[in-house]
Amino acid sequence: MTYSTQEIATLTGVTKRTLYHYETVGLLVPQRTATGHRCYSRENLLRLQQILLYRALDFPLSEIQTLLTQSDSNHQATLKNQIELLHEQAAHYRMLAQLAEQTLLTFKGGTPMKDEQLFRGLRHEEIVLHEQQHTEEVEQYYGDTDAYRINATRQQQRTPNEKEQLSTMHKQLDRRLTTLYRDGRVTTDPAVQQIVKEQHDFIDTHYYPCELSIFASLGQMYVSDERFRAYYEAYAPGLSSFYSKAISHYTQASH
């Protein structure tokens, strides 16, 4: 079975203009009838579904193009990671929903929430969850390094209040970066680069000795690791890629 452009637009909710754009950039190229009209096949339909799925997950079109040309095994691995991420996000939002319900009941005169319940789910949740889930993996690869040992020692010595203060400082950097990003600043803008420098100093001072090569690798993880990507994309779609490019410029300029 084949579909016309109008039929595809009606079936999927995608505008004709978007379909034409996908064709222009080589993402979705339909066949042509003898009279020159576009003709979408079942294969085109499945490809469009994948494009829209990745767009819903905030992947830029340039990355989707790369993803769709990967081998089946790599493509499946990417989707598996996305599924895990979505389950984690769903669990996080369920936690926030429960917190909101408990807060509402408190406002209505119900049982007051305990102090330790007040901020459940509001403390840098994605990053904390990521660290907990990947502790064994990090230790396996970096456990014998000085950086890992220094970071582990600093973490153990911190009080809960100190951890909360560091979380707040980190969020302040993230919010400042988000504001500049939404204002249309470029990655090489001095104000953006100042925040990147502060982030570098923040990690070096409070977590582990952060050489430029390590910082550059961290910047790459902001787009390659789905959990880090989700954390920054929650501030603004495209922020993870923007931040990664800003870090890349910073590390190259600092050599």
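In this chain, numbering begins with 1 at the start of the sequence shown.
Cys39 and Pro30 make their closest contact through O-CB, 3.6 Å (heavy atoms, listed as atom of the first residue, atom of the second, distance). Between Pro237 and Tyr181, the closest heavy-atom pair is O-OH, 2.7 Å. Considering every non-hydrogen atom in both Gly219 and Ser244, the closest pair reads O-OG, 2.8 Å. In terms of heavy atoms, Thr178 sits closest to Ala236 at CG2-CB, 4.2 Å.
Residues Val14 and Val29 do not share a hydrophobic cluster, defined by chaining ILVMFWY side chains whose heavy atoms lie under 4.5 Å apart. Taking hydrophobic clusters as Ile, Leu, Val, Met, Phe, Trp and Tyr residues chained together by side-chain heavy-atom distances below 4.5 Å, Val25 shares a cluster with Leu68. Note on Val186: it does not cluster hydrophobically with Tyr235, by side-chain heavy-atom contacts below 4.5 Å among ILVMFWY residues. Residues Ile214 and Met221 share a single hydrophobic cluster, defined by chaining ILVMFWY side chains whose heavy atoms lie under 4.5 Å apart. The hydrophobic cluster containing Leu177 does not contain Val223, counting ILVMFWY residues as joined when their side-chain heavy atoms lie under 4.5 angstrom apart, directly or transitively.
Tyr22 places none of its side-chain heavy atoms less than 4.5 Å from the side chain of Arg47. You'll find the side chain of Leu19 stays beyond 4.5 Å of the side chain of Arg38, heavy atoms only. Inter-residue side-chain proximity for Met169 and Leu166 is flagged as met; some heavy-atom pair is nearer than 4.5 Å. You'll find the side chain of Tyr40 stays beyond 4.5 Å of the side chain of Leu48, heavy atoms only. The shortest side-chain heavy-atom distance between Ile8 and Thr5 does not fall under the 4.5 Å cut-off. Side-chain atoms of His170 and Gln199, non-hydrogen and from C-beta on, do get closer than 4.5 Å to each other. Counting only heavy atoms from C-beta outward, the side chains of Leu27 and Ile64 approach each other to under 4.5 Å. Here the side chains of Phe242 and Val192 are in contact, with some heavy-atom distance below 4.5 Å.
In summary, the aromatic rings of Phe202 and Tyr207 are positioned with their centroids under 6.0 Å apart.
Using a 4.0 Å cut-off between a side-chain N of Lys or Arg and a carboxylate O of Asp or Glu, Glu23 and Arg17 do not qualify as a salt bridge.
Of the inter-residue distances, the one linking Leu67 atom CG with Tyr54 atom OH reads 5.0 Å to the nearest 0.5 angstrom. Note that CG of Leu180 and OG1 of Thr187 are 12.0 Å apart. Values are rounded to the nearest 0.5 Å. Taking OG1 of Thr2 as the reference point, atom NE2 of His37 lies at 13.0 Å (rounded to 0.5 Å). Annotation: the span from Gln50 atom CD to Leu52 atom CG amounts to 10.5 Å, rounded to 0.5 Å. Interatomic distance, CG of Leu61 versus CD1 of Ile51, reported as 8.0 Å (0.5 Å rounding). Separation of atoms CG (Asp204) and NZ (Lys197) is listed at 10.0 Å; rounding is to 0.5 Å.
In this model, no donor atom of one side chain and acceptor atom of the other lie less than 3.5 Å apart for Thr69 and Gln65. For Gln172 and Thr168, the side-chain atoms include no donor-acceptor pair closer than 3.5 Å. The closest side-chain donor-acceptor pair between Thr251 and Ser254, if any, does not fall under 3.5 angstrom.
For the ring pair (Phe, Tyr, Trp, His ring centres under 6.0 Å) test, residues two or more places apart in sequence or in another chain that qualify with Tyr250 are His200, Phe215.
A side-chain donor-acceptor contact under 3.5 Å links Asp189 to the backbone of Ala191. Checked by atom type and distance alone, the side chain of Gln31 never pairs as donor or acceptor with a backbone atom of Ser41 at under 3.5 Å. In this structure, the side chain of Glu162 engages the main chain of Thr159 through a donor-acceptor pair within 3.5 Å. Remark: the backbone N or O of Gly36 is paired with a side-chain donor or acceptor of Arg32 at under 3.5 angstrom. Side-chain N or O atoms of Gln193 include one that pairs as donor or acceptor with a backbone N or O of Ala246 at under 3.5 Å.
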Criterion side-chain contact (heavy atoms from CB on, under 4.5 Å) on Leu218 and Ile203, from CA distance to verdict: CA-CA 11 Å; Leu218 182 62; Ile203 295 171; 3.4 Å; yes
Test log, rule side-chain contact (heavy atoms from CB on, under 4.5 Å), inputs Met1 and Arg42: CA-CA 7 Å; Met1 182 175 181; Arg42 167 73 175 176; over 6 Å; no
side-chain contact (heavy atoms from CB on, under 4.5 Å) between Lys245 and His249, worked out: CA-CA 6 Å; Lys245 292 176 182 177; His249 176 79; over 6 Å; no
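Ring pair Tyr222/Tyr243 is tilted by interplanar angle, where 30° to 60° counts as tilted.
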